[in-house]
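The structure appears right after this line, and notes come after that.
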Amino acid sequence: MDSQYKSAGIENGVTNDRVKEVAVANKRKMRGCDLVLRFLALAFSLTAAVVLGVDKQSTTVAVTLVSSLPPVNIPVTATWHHLSAFVYFVVANAIACAYATISLLLTMGNRGGKKGLATMIVVFDLVMVALLFSSVGAAGSIGLMGYQGNSHVQWKKVCNVFDKFCNQGMVAMGLSGVASILFFLLVVLAT
């Protein structure tokens with residue numbers, strides 16, 4: 001009796017046509033989810049690069065040279081390009097944003113579902129995950145040094161002086177962290 005159902009295309013009470021419909025519906029749903037995640041990754045990485053790229057704060061610091069003289073006020077400025085970890089962070093997010101734009105266009109144009117292109121996109125998605133996580137780690141280590149300082153090497157904390165600069169950097173790192181998680185979700189979704 002089971003062989004009659006199998007020859008008629010019925011297995012476990014479900015027709016082969018129904019299985020194909022579900023597979024096509026899931027593929028469309030996954031494609032839509034893929035496009036949304038790519039767009040969000042583009043938006044978050046662009047925002048992170050811009051937020052840290054425009055981060056700048058100027059202030060005056062009172063420096064005492066000799067205890068018998070009054071302190072001298074010195075103007076100082078903190079910008080992202082003074083720290084190599086922040087430069088790496090901005091460049092990494094710009095690369096991720098450019099890649100997200102290209103991959104979004106390629107994904108929209110890949111209606112035929114070419115396996116080679118899809119595999120290449122997944123590999124580069126994984127590269128973006130590594131690039132963004134490493135840039136967040138590099139910027140985070142310098143940011144932590146700014147918040148806490150390091151008494152072993154006599155580095156003083158600076159975020160008490162440049163609070164806006166540090167807070168804006170922290171927001172940029174959070175945005176980039178979200179972008180890297182979105183790229184990771186794209187890799188998980190594809191596999």
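Quick caveat, the model's predicted, so the values are computed rather than measured.
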If you take all heavy atoms of Leu52 and Ala172, which pair is closest and at what distance?
CB-CB, 3.9 Å

Output, in order, the C-alpha distance, side-chain angles, deciding distance and verdict of side chain to side chain contact (heavy atoms under 4.5 Å, CB included) for Ile121 and Tyr99.
CA-CA 10 Å; Ile121 289 174; Tyr99 167 74; 3.6 Å; yes

Scan residues 69-83 for pairs that pass side chain to side chain donor-acceptor pair (under 3.5 Å), counting only residues two or more places apart or in two chains.
Ser58-Thr77, Thr79-His81, Thr79-His82

Please set out all donor-acceptor pairs under 3.5 angstrom arising from side-chain atoms of residues 176-190, sequence neighbours excluded.
residue, atom, partner, partner atom, Å
Ser176, OG, Asn93, OD1, 3.0
Ser176, OG, Asn93, ND2, 3.2
Ser180, OG, Ser176, O, 3.3
Ser180, OG, Gly177, O, 2.7

Residue pairs, two or more places apart or on separate chains, that pass disulfide (SG to SG under 2.5 Å) and touch residues 115-153
none

Under the rule for side-chain contact (heavy atoms from CB on, under 4.5 Å), what residues qualify as partners of Asn150, not counting sequence neighbours?
Met145, His152, Val153, Trp155

Tell me which pairs pass side chain to side chain donor-acceptor pair (under 3.5 Å) where either residue lies in residues 164-174, with sequence neighbours left out.
Tyr147-Asn167, Lys164-Gln168

All side-chain contact (heavy atoms from CB on, under 4.5 Å) counterparts of Ala85, not counting sequence neighbours
Ala138, Ile142

Given the rule that I, L, V, M, F, W and Y join up when any side-chain heavy atoms are under 4.5 Å apart, are Val87 and Val51 in one cluster?
yes

Among residues two or more places apart or on two chains, list those pairs meeting salt bridge (charged side-chain N to carboxylate O under 4.0 Å, His left out) that have a residue in residues 120-136.
Arg38-Asp125

Residues which pass side-chain contact (heavy atoms from CB on, under 4.5 Å) with Leu65, listed by chain and number, not counting sequence neighbours:
Val63, Val72

Applying disulfide (SG to SG under 2.5 Å) as the test, list every pair that has at least one member in residues 42-92; sequence neighbours left out.
none

Provide the full list of disulfide (SG to SG under 2.5 Å) pairs with a residue in residues 161-191, sequence neighbours left out, each pair given once.
Cys159-Cys166

Rounded at 0.5 Å granularity, tell me how far CZ in Phe39 sits from CG in Leu35.
11.0 Å

With sequence neighbours left out, what residues match Val76 under side-chain contact (heavy atoms from CB on, under 4.5 Å)?
Thr59, Val61, Ile74, Phe162

Enumerate, atom names and distances included, each donor-acceptor pair closer than 3.5 Å involving a side-chain atom of residues 130-137, sequence neighbours excluded.
residue, atom, partner, partner atom, Å
Ser134, OG, Tyr88, OH, 2.5
Ser134, OG, Ala130, O, 3.2
Ser134, OG, Leu131, O, 2.8
Ser135, OG, Leu132, O, 2.9

Just wondering, more than 12 heavy atoms not from Phe86 lying within 6.0 Å of its CZ?
yes

With the 4.5 Å side-chain cut-off for hydrophobic clustering, are Val158 and Leu144 part of the same group?
no

Do Leu105 and Leu46 belong together in a cluster built from hydrophobic side chains that touch within less than 4.5 Å?
no

Work out which heavy atom in Ala96 is nearest to a heavy atom in Ser45; give both atom names and the distance.
C-OG, 3.9 Å

Distance, nearest 0.5 Å, that separates OG of Ser103 from CE of Met120
9.5 Å

I'd like to know if Leu42 and Phe44 are part of one continuous hydrophobic network [Ile/Leu/Val/Met/Phe/Trp/Tyr, side-chain heavy atoms within less than 4.5 Å].
no

Is the shortest side-chain heavy-atom distance between Gln57 and Val161 below 4.5 Å?
no

State the CZ-CG distance between Phe89 and Leu83, to the nearest 0.5 angstrom.
13.0 Å

Determine whether Leu40 and Val50 fall in the same hydrophobic cluster, where Ile, Leu, Val, Met, Phe, Trp and Tyr are linked whenever their side-chain heavy atoms lie under 4.5 Å apart.
no

